[in-house]
Enquirer: 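The structure that follows is given in the form of structure tokens.
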Amino acid sequence: MLLCACTLTGYAQTQLPVYLDDTKPVEERIEDALSRMTLEEKIGMIHAQSKFSSPGVPRLGIPEFWTTDGPHGIRPEVLWDEWEQAGWTNDSCIAFPALTGLAATWNEEMSLLYGHSIGEEARYRKKDILLGPGVNIYRTPLNGRNFEYMGEDPYLASRMVVPYVKGVQSNGVAVCVKHYALNNQEFNRHTTNVILDDRALYEIYLPAFKAAVQEGDAWSIMGAYNLYKNQHACHNEYLINDILRGEWGFKGVVVSDWGGTHDTYQAIMNGLDLEFGSWTDGLASGRSNAYDNYYLAYPYLEMIRSGQVGTQELDDKIRRIMRLAYNTTMNKNRPFGSLTSTEHSEAARKIAEEGIVLLKNTGNVLPIDLTQAKTIAVIGENALKMMTVGGGSSSLKVKYEVSPFDGLKNRVGSAAEVVYARGYVGDPGGEYNGVVSGQDLNDDRSEDELIAEAVQVARQADYVIFFGGLNKSAHQDCEDSDRYGLELPYNQDRLISELAKANKNLVVVNISGNAVAMPWVNEVPAIVQGWYLGSEAGNALAHVLVGDVNPSGKLPFSFPVKLTDIGAHKVGEYPGNKLELEQSTHRGDTINETYHEGIFVGYRWLDKEKIKPLFGFGHGLSYTTFEYGKVTADKKEMDAEDTISFSVNVKNTGNRAGMEVVQLYISDLKSSLPRPVKELKGYKKISLQPGEEQTVTISVDKSALSFFDPDKHDWVAESGDFEALIGTSSTDIRSKVKFKLR
């Protein structure tokens with residue numbers, strides 16, 4: 001099974017081994033290897049040989065590549081040519097928080113720790129390419145895959161992705177940053193042709209990919225399923241040839257998403273290097289190896305033999321793949337990695353704790369005072385349900401997962417009695433793609449019976465903690481399906497309102513990777529955003545709820561009051577052109593979808609339309625308080641070649657230590673093109689002891705003042721007046737200062 005497909009590489013397999021000279025510089029070694037390969041060997045290298053691997057060239061000592069799904073844990077092994085589990089007993093992993101939870105830390109050190117830790121797990125499992133992280137922009141809260149991404153703001157996503165990339169690749173494992181580009185929904189993801197202007201493309205949807213490539217030095221990129229300019233993204237001339245390789249200088253490997261390749265000629269000419277998962281189960285094709293029928297296999301070989309195309313593009317693909325090999329499979333210095341270590345558990349817990357967001361805390365209900373609490377009632381299915389299983393390709397088989405109920409019960413110990421009531425039944429299943437959680441959450445009681453029990457338990461408790469929200473089932477937070485609406489499923493809204501009447505000390509913990517509507521927001525004193533926090537979820541949540549850890553997470557996306565408060569739903573044609581959707585009779589029809597909202601995504605739209613969100617981008621409370629001074633600038637005017645620095649004093653005025661994220665937004669006061677009211681252009685997370693004061697300085701250059709001019713096809717910073725705004729969120733600006741660009 002380690003050999004290339006015999007029909008393409010039979011010649012190579014009959015030859016004596018040839019050893020490459022490893023004393024020369026890498027580029028010379030690549031050219032040496034290229035000169036020794038047969039045409040069939042080259043073709044064999046650019047497509048899959050199994051569900052998750054591609055061939056090397058055994059004759060030349062070039063190893064296979066093994067990929068694995070991420071981006072928050074290492075996927076369990078499947079059979080060679082099927083999606084079913086391989087039945088290994090040593091392929092369990094540590095689950096790290098899903099990437100919305102990582103982004104909510106607003107801490108690049110946490111991102112580096114995350115990347116390094118998951119990279120160690122991938123390396124130990126002998127994986128060469130980690131299929132992640134995901135950095136598609138949060139355009140709509142209905143996108144089923146938002147939980148795998150880093151939020152709505154291109155600057156935040158750009159800053160958080162770079163250390164993740166560096167951390168993973170320090171282990172000799174390549175990241176495969178996905179999904180490039182414009183994969184902003186799961187509904188019709190294979191057939192949606194995105195239409196948007198270049199300003200929105202460059203200002204909103206590309207910056208995180210660009211940062212991963214140019215600052216993170218990502219070794220591979222995964223193409224998206226959708227179309228753009230009527231070409232599929234996996235072989236898209238504008239996205240790959242013109243931007244990725246031309247403008248950004250990317251020298252790495254472009255990998256297709258599984259089944260994302262649709263045309264041999266476009267794949268040849270438009271920059272695709274490695275093809276995975278196209279239209280075959282590998283067994284039923286009738287040829288000796290069905291993978292030879294991929295678009296970049298026999299069809300490509302036949303086009304070369306018939307003279308329809310040359311070999312220059314093929315040689316370029318091999319050069320890029322060989323560069324990847326010298327960083328990964330042929331890197332003699334890469335470490336061995338480690339799996340499910342104590343250090344990884346600690347990293348997962350630390351990241352989870354720092355990403356938890358305290359949304360509301362009226363009357364200081366939190367943290368729970370264990371000296372006053374004799375009984376704590378835990379309500380809700382999500383207090384028990386394993387969240388590492390399900391959600392699509394990111395579903396995991398974990399060494400362990402601490403539930404919120406167990407985490408709280410273990411932390412409270414004998415200090416208080418912790419009791420449980422179900423409250424609602426959502427998805428009692430616990431199996432995805434052959435991974436079985438072992439939980440039996442079936443409950444045949446009616447909604448009224450479940451609510452009555454929960455209310456009775458709540459009345460008798462000192463504190464009530466409701467764990468609800470979404471889950472990772474279809475049409476919740478899950479690949480290949482979007483949510484039906486913004487509201488909570490399973491009649492949770494009714495249950496929460498009844499619990500609020502029964503007990504004034506109610507805490508709602510929303511487990512989700514997406515924003516949800518909260519019609520009960522004024523009835524509930526304390527609300528926590530709990531994300532999908534991985535193996536250490538229960539411990540992390542317990543530590544925050546009882547005050548062992550002071551919450552410091554900030555939202556990486558806005559929570560709207562209602563769906564039509566979002567530009568994509570107000571003017572933006574989600575989930576596609578309505579007439580075309582009505583006329584579509586089968587899944588193969590291409591549906592056009594115009595992003596009419598343009599650059600006004602997330603808080604940019606809310607600011608423009610003067611819509612107050614439920615909770616703003618960057619929002620997150622603390623158990624202590626922070627006092628901000630007045631922001632100052634180190635100069636009143638700056639030239640295009642200068643930087644300008646903004647400083648503000650921040651003091652912890654509470655009685656416990658805490659971390660705060662100081663956020664810098666820039667406003668262009670007069671522009672020749674429409675611009676957002678403000679845009680995030682800097683931030684810094686600081687830690688302060690009670691009474692401690694610190695001066696925070698954030699510097700920017702003209703790139704923070706620039707917009708993309710589609711006519712000039714370039715970034716432009718116009719001279720004139722600007723304003724720097726310092727705040728704790730997009731909706732809580734504490735101080736402003738004006739300055740001028742000459």
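Residue numbers run from 1 in the order of the sequence given.
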Enquirer: Is the shortest heavy-atom distance from the side chain of Thr728 to the side chain of Leu621 under 4.5 Å?
Expert: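 The answer is no, as the side chains (C-beta and beyond) never meet within the 4.5 Å cut-off.
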
Enquirer: Within the 3.5 Å criterion, strictly below it, is a donor on Asn514 or Tyr138 matched to an acceptor on the partner's side chain?
Expert: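 Short answer, yes.
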
Enquirer: If we ignore hydrogens and angles and just use 3.5 Å, is the side chain of Tyr114 paired with the main-chain N or O of Pro97 as donor and acceptor?
Expert: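 Yes: the side chain of Tyr114 pairs with the backbone of Pro97.
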
Enquirer: Is there a side-chain contact between Ser481 and Glu186 in this structure, where contact means two heavy atoms from C-beta onward sitting under 4.5 Å apart?
Expert: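 No; the side chains remain at least 4.5 Å from each other.
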
Enquirer: If we only count heavy atoms from C-beta on, is the Leu359 to Leu555 side-chain gap below 4.5 Å?
Expert: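 They are in side-chain contact.
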
Enquirer: Kindly indicate, with the supporting measurements, whether the criterion side chain to side chain donor-acceptor pair (under 3.5 Å) is fulfilled by Asn361 and Tyr623.
Expert: CA-CA 9 Å; Asn361 194 24; Tyr623 294 151; 5.9 Å; no

Enquirer: Rounded to the nearest 0.5 Å, what's the gap from CG on Leu408 to CD1 on Ile465? Could you check?
Expert: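 If I round to the nearest 0.5 Å, the distance is 4.5 Å.
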
Enquirer: Decide yes or no for Phe466 and Leu495: does some side-chain heavy atom of the first lie under 4.5 Å from some side-chain heavy atom of the second?
Expert: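 A side-chain contact exists here, since the closest heavy-atom pair is under 4.5 Å.
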
Enquirer: Are the charged groups of Glu453 and Arg445 less than 4.0 angstrom apart, N to O?
Expert: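 Yes.
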
Enquirer: Report yes if some heavy atom in the side chain of Val549 is under 4.5 Å from a heavy atom in the side chain of Ile356; otherwise report no.
Expert: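 Not touching, per the 4.5 Å side-chain cut-off.
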
Enquirer: May I ask you to check whether over 12 heavy atoms, not counting those of Lys608, lie within 6.0 Å of atom NZ?
Expert: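 More than 12 within 6.0 Å, yes.
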
Enquirer: Where is the tightest heavy-atom contact between Gly355 and Ala104, given as atom of each residue plus distance?
Expert: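 Looks like O-CB, 3.3 Å.
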
Enquirer: Can any side-chain N or O of Tyr665 pair as donor or acceptor with the backbone N or O of Ser730 at less than 3.5 Å?
Expert: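 Present.
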
Enquirer: Evaluate the criterion salt bridge (charged side-chain N to carboxylate O under 4.0 Å, His left out) for residue pair Arg494 and Glu447; output intermediate values, then yes/no.
Expert: CA-CA 10 Å; Arg494 177 190 169 196; Glu447 178 184 328; 2.7 Å; yes

Enquirer: Can you tell me if Trp106 uses its side chain to pair, donor with acceptor, with the backbone of Val662 under 3.5 Å?
Expert: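 No.
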
Enquirer: Restricting to non-hydrogen atoms, name the atom on Thr140 and the atom on Ala568 that form the minimum distance, rounded to 0.1 Å.
Expert: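 So the two residues come closest at CB-CB, 4.5 Å.
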
Enquirer: Find the distance between CD1 (Ile527) and OG1 (Thr362) and round it off to the nearest 0.5 Å.
Expert: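 If we round to the nearest 0.5 Å, Ile527:CD1 and Thr362:OG1 are 8.0 Å apart.
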
Enquirer: Any ion pair linking Lys374 and Glu417 (charged N to carboxylate O, less than 4.0 Å)?
Expert: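 Salt bridge between Glu417 and Lys374, a charged N being under 4.0 Å from a carboxylate O: no.
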
Enquirer: Out of curiosity, Asp462 CG to Ile368 CD1, how far, rounded to the nearest 0.5 Å?
Expert: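 Reported to 0.5 Å precision, the distance equals 10.5 Å.
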
Enquirer: Just by distance, with hydrogens left out, do Glu627 and Thr653 show a side-chain donor and acceptor under 3.5 Å apart?
Expert: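 No, no side-chain donor-acceptor pair sits under 3.5 Å.
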
Enquirer: Supply the atom-to-atom distance Leu450 CG to Asp443 CG, rounded to the nearest 0.5 angstrom.
Expert: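 Those atoms lie 5.0 Å apart.
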
Enquirer: Would the Phe557 and Trp531 ring centres measure less than 6.0 Å apart?
Expert: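 Yes.
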
Enquirer: Measure from the side-chain N and O atoms of Ser729 to the backbone N and O of Gly618, and report whether any donor-acceptor pair falls under 3.5 Å.
Expert: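 Pair absent, no side-chain N/O of Ser729 close to backbone of Gly618.
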
Enquirer: Could you verify whether a donor N or O on one side chain and an acceptor N or O on the other, from Thr375 and Gln460, lie under 3.5 Å apart?
Expert: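 Judged by distance alone, the side chains do not pair up.
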
Enquirer: Kindly say whether Leu688 contributes a backbone atom to a donor-acceptor pair with the side chain of Asn652 at under 3.5 angstrom?
Expert: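 Confirmed, Asn652 side chain pairs with Leu688 backbone.
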
Enquirer: Taking the basic N atoms (NZ, or NE/NH1/NH2) and the acidic carboxylate oxygens, is any pair closer than 4.0 Å for Glu353 and Arg349?
Expert: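 Yes.
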
Enquirer: Check Ile566 against Pro141 and note the closest heavy-atom contact, atom names and distance.
Expert: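 Closest approach of Ile566 to Pro141, heavy atoms only: CG1-CD, 4.2 Å.
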
Enquirer: Please walk me through it: do Ser735 and Tyr628 pass side-chain contact (heavy atoms from CB on, under 4.5 Å)?
Expert: CA-CA 8 Å; Ser735 183; Tyr628 281 66; over 6 Å; no

Enquirer: Which distance, rounded to the nearest 0.5 Å, do you find between the CG of Leu680 and the CG of Leu664?
Expert: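 It comes to 7.5 Å.
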
Enquirer: Should Val378 and Tyr420 count as side-chain neighbours, where that means a heavy-atom distance under 4.5 Å?
Expert: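 Heavy-atom side-chain distance check passes, below 4.5 Å.
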
Enquirer: Looking at Arg604 and Asp153, does any basic side-chain N land under 4.0 Å from a carboxylate oxygen?
Expert: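 Salt bridge between Arg604 and Asp153, a charged N being under 4.0 Å from a carboxylate O: yes.
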
Enquirer: Under 3.5 Å, is there a donor-acceptor pair between the side chain of Gln476 and the main chain of Asp427?
Expert: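 No.
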
Enquirer: Begin with the C-alpha distance, continue with both residues' side-chain angles, and end with the deciding distance and a verdict on side-chain contact (heavy atoms from CB on, under 4.5 Å) for Lys472 and Phe147.
Expert: CA-CA 10 Å; Lys472 292 165 79 176; Phe147 71 97; 3.9 Å; yes

Enquirer: When you measure from the side chain of Tyr532 to the backbone N and O of Asn471, does any donor-acceptor pair fall under 3.5 Å?
Expert: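 It does hold such a pair.
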
Enquirer: Once you round to the nearest 0.5 Å, how far does OG of Ser92 lie from CD of Glu401?
Expert: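 It comes to 12.5 Å.
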
Enquirer: Could you go through Asp477 and Met387, starting from their C-alpha distance and side-chain angles, then the distance that decides it, and tell me whether this counts as side-chain contact (heavy atoms from CB on, under 4.5 Å)?
Expert: CA-CA 10 Å; Asp477 281 321; Met387 293 295 185; over 6 Å; no

Enquirer: Report yes if some heavy atom in the side chain of Phe467 is under 4.5 Å from a heavy atom in the side chain of Phe405; otherwise report no.
Expert: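 A side-chain contact is absent here, since even the closest heavy-atom pair is not under 4.5 Å.
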
Enquirer: Are any side-chain N or O atoms of Ser558 and backbone N or O atoms of Gly602, one a donor and one an acceptor, separated by less than 3.5 Å?
Expert: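 Checking the backbone N and O of Gly602 against the side chain of Ser558, no donor-acceptor pair under 3.5 Å is found.
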
Enquirer: Check Ala208 against Ala157 and note the closest heavy-atom contact, atom names and distance.
Expert: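 Here Ala208 and Ala157 meet closest at CB-CB, 3.9 Å.
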
Enquirer: Going by atom types only, do His619 and Thr731 share a side-chain donor-acceptor pair under 3.5 Å?
Expert: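 Checked: His619/Thr731 side chains show no N/O donor-acceptor pair below 3.5 Å.
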
Enquirer: Hey, is Lys409 close enough to Asp406 for a salt bridge, meaning N to O under 4.0 Å?
Expert: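 Answer for the salt bridge query: no.
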
Enquirer: Do Glu660 and Lys554 meet the salt-bridge criterion of a basic N to acidic O distance under 4.0 Å?
Expert: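 Here Lys554 pairs with Glu660 in a salt bridge, since their nearest N and O are under 4.0 Å apart.
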
Enquirer: I need the single residue from Glu109, Glu108, Glu354 that forms a salt bridge (Lys or Arg N to Asp or Glu O under 4.0 Å) with Lys685. Which is it?
Expert: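 Running salt bridge (Lys or Arg N to Asp or Glu O under 4.0 Å) over Glu109, Glu108, Glu354 with Lys685 returns exactly one hit, Glu354.
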
Enquirer: Work out which heavy atom in Val389 is nearest to a heavy atom in Val435; give both atom names and the distance.
Expert: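 Taking every non-hydrogen atom into account, CG1-O, 3.8 Å.
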
Enquirer: Using side chain to side chain contact (heavy atoms under 4.5 Å, CB included) as the criterion, list what pairs up with Ser345, not counting sequence neighbours.
Expert: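 Counting only residues at least two positions away or on another chain, Ser345 forms a side chain to side chain contact (heavy atoms under 4.5 Å, CB included) with Ile94, Tyr400, Glu536.
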
Enquirer: Grab the two heavy atoms, one from Gln185 and one from Arg139, that are nearest each other, plus how far apart they are.
Expert: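 Heavy atoms of Gln185 and Arg139 come nearest at OE1-NH1, 4.3 Å.
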
Enquirer: Taking Asp482's backbone N and O only, do any of them form a donor-acceptor pair with His475's side chain (distance below 3.5 Å, no angle check)?
Expert: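 Pair found, side chain donor or acceptor close to backbone of Asp482.
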
Enquirer: State, yes or no, whether a side-chain contact exists between Phe617 and Leu606 at a heavy-atom distance under 4.5 Å.
Expert: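 Heavy-atom side-chain distance check fails, nothing below 4.5 Å.
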
Enquirer: Around atom CG of Asn442, are there more than 12 heavy atoms of other residues, nucleotides or ligands at under 6.0 Å?
Expert: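 More than 12 within 6.0 Å, yes.
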
Enquirer: Tell me the side-chain hydrogen bond (donor to acceptor under 3.5 Å, both in side chains) pairs involving residues 518-530, sequence neighbours left out?
Expert: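 Listed once each, the pairs are Asp493-Trp520, Ser497-Glu523, Asn510-Gln529, Ser512-Gln529.
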
Enquirer: Is there a side-chain contact (heavy atoms from CB on, under 4.5 Å) between Leu102 and Ile351? Walk through the geometry before answering.
Expert: CA-CA 7 Å; Leu102 171 63; Ile351 295 163; 4.1 Å; yes

Enquirer: Keeping the roles fixed (side chain from Asn184, backbone from Ile137), state whether a donor-acceptor pair exists under 3.5 Å.
Expert: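 Yes, Asn184 side chain to Ile137 backbone: donor-acceptor pair under 3.5 Å.
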
